[in-house]
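Contents: one structure, followed by commentary.
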Amino acid sequence: MMEKTMLKIGIIGGSGLEDPKILKDAKEIHVTTPFGKPSSPLTIGKIRGVEVVILSRHGRKHEIMPTNVPNQANIRALKEQGCTHILATSACGSLREEIKPGDFVIVDQFIDMTRKRASTFYEKGHVCHIPMAEPFCKELRTSFFDSCRELKLRAHQKGTVVTIEGPRFSTRAESRLWRLMNADVINMSTVPECVLAREAGLCYSVVCMATDYDCFQEGREVDIQQVLSVFKGNAERVIKLLLNTMPKVRDNPNCRCRLDIKSSVIS
């Protein structure tokens, strides 16, 4: 028998959706979890009839650096609010000439180059060996890409993101190494966020927004002012993408994203 659930979407990094013209019946709540407080208060409401919970990954004022993002608390907070899916957004650098600044990439794989982050909920008493061959929900990825096509946004249907510790940008040698590893874009946020979502039994997908080219070419360096400029220019398109994608999300309790955790914990 299929497990009955109620669709609720967590949105990570969805700045701008708090606009009262978009978010209905909005309220803000402050929560804490067994892993501490999440990055920001949670904003709860409805968008186009869908229940949503909005969380700012780096804090409302972008005051939390990548390594210090409380990923465990963030994902646990969304889970405790009844979220079944997470739609995330992330700025990224492009490692491929064909991925231009302003492009969207619906990544399907990641390479984890972080070193300091808690990456599991099961730290004592149990061990969780969660499968990660397909780390992002296929159904959500399809919904994101279909929305990109409908909105005529320049988008790439798949790609590999390498997540580095940060907050510094890569050296040129590192940037070239990421390319040799077949990474397509680079960011500082997707891992372990997506891993924890899978451990929590949530469907998760992230749309990466290319803000610049990484420094793999001689004479090219990452300029934070350029990054911020492109990011701000993309803000309205990101909101349109999320708004277009949410009504496409369907609750599927039998999705592997939801089921893998049930057979992954060893006592």
Side-chain angles (χ1 to χ4, degrees), residues 2 5-19 21-24 45-55 57 78 83-92 94-96 98-110 132-161 183-185 187 189-190 193-194 197-198 201-211 230-231 233-260:
M2 290 181 63
T5 57
M6 183 178 293
L7 178 70
K8 184 180 283 191
I9 299 176
I11 299 170
I12 300 180
S15 179
L17 291 174
E18 297 92 345
D19 186 331
K21 295 178 182 178
I22 299 174
L23 186 66
K24 306 302 181 185
K46 290 186 177 181
I47 295 177
R48 297 189 176 180
V50 180
E51 291 193 45
V52 299
V53 183
I54 302 172
L55 185 151
R57 182 188 290 116
L78 295 178
C83 290
T84 53
H85 298 70
I86 294 176
L87 298 178
T89 62
S90 173
C92 69
S94 171
L95 294 164
R96 304 291 165 192
E98 62 271 22
I99 299 175
K100 300 177 181 179
D103 284 8
F104 293 91
V105 184
I106 317 301
V107 293
D108 65 322
Q109 290 290 317
F110 71 75
M132 276 285 117
E134 299 291 341
F136 304 102
C137 179
K138 291 182 179 180
E139 293 183 17
L140 288 184
R141 288 183 53 248
T142 296
S143 296
F144 260 142
F145 189 67
D146 287 349
S147 291
C148 285
R149 288 193 299 184
E150 289 170 12
L151 295 170
K152 295 180 170 53
L153 300 176
R154 183 175 165 87
H156 304 264
Q157 193 167 7
K158 62 181 182 178
T160 296
V161 57
D184 299 297
V185 292
N187 73 8
S189 61
T190 297
E193 188 175 271
C194 65
R198 185 64 60 89
L202 304 177
C203 293
Y204 175 103
S205 181
V206 59
V207 56
C208 290
M209 306 164 285
T211 56
V230 176
F231 184 80
N234 255 346
E236 187 174 336
R237 295 196 299 162
V238 172
I239 291 173
K240 288 181 179 179
L241 176 58
L242 289 168
L243 292 176
N244 191 281
T245 301
M246 275 183 262
K248 293 182 172 65
V249 177
R250 297 290 179 265
D251 190 30
N252 177 9
N254 291 321
C255 180
R256 278 200 60 182
C257 301
R258 311 277 280 279
L259 299 177
D260 277 348

Ignoring hydrogens and angles, tell me if any N or O in the side chain of [X] forms a donor-acceptor pair with the backbone of [Y] under 3.5 Å.
X	Y	answer
S90	C208	no
T245	S147	no
R258	C203	no
Q109	A133	yes
R154	G102	no
R141	Q157	yes
S94	I99	yes
D108	G159	yes
R198	P135	yes

How many angstroms lie between [atom1] in [X] and [atom2] in [Y], if you round to the nearest 0.5 Å?
X	Y	atom1	atom2	value
F144	N244	CZ	CG	10.5 Å
D103	N234	CG	CG	9.0 Å
L140	L202	CG	CG	10.5 Å

Q: Check the pair L17, I11 against side chain to side chain contact (heavy atoms under 4.5 Å, CB included), reporting the backbone distance first and the verdict last.
A: CA-CA 9 Å; L17 291 174; I11 299 170; 3.6 Å; yes
Q.
Using the rule side-chain contact (heavy atoms from CB on, under 4.5 Å), only one of N187, T190, V161, T160 pairs with V107; which is it?
A.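 The residue from N187, T190, V161, T160 that satisfies side-chain contact (heavy atoms from CB on, under 4.5 Å) with V107 turns out to be V161.
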Q) Where do C137 and H85 land on the side chain to side chain contact (heavy atoms under 4.5 Å, CB included) test, with the steps shown first? A) CA-CA 9 Å; C137 179; H85 298 70; 5.6 Å; no
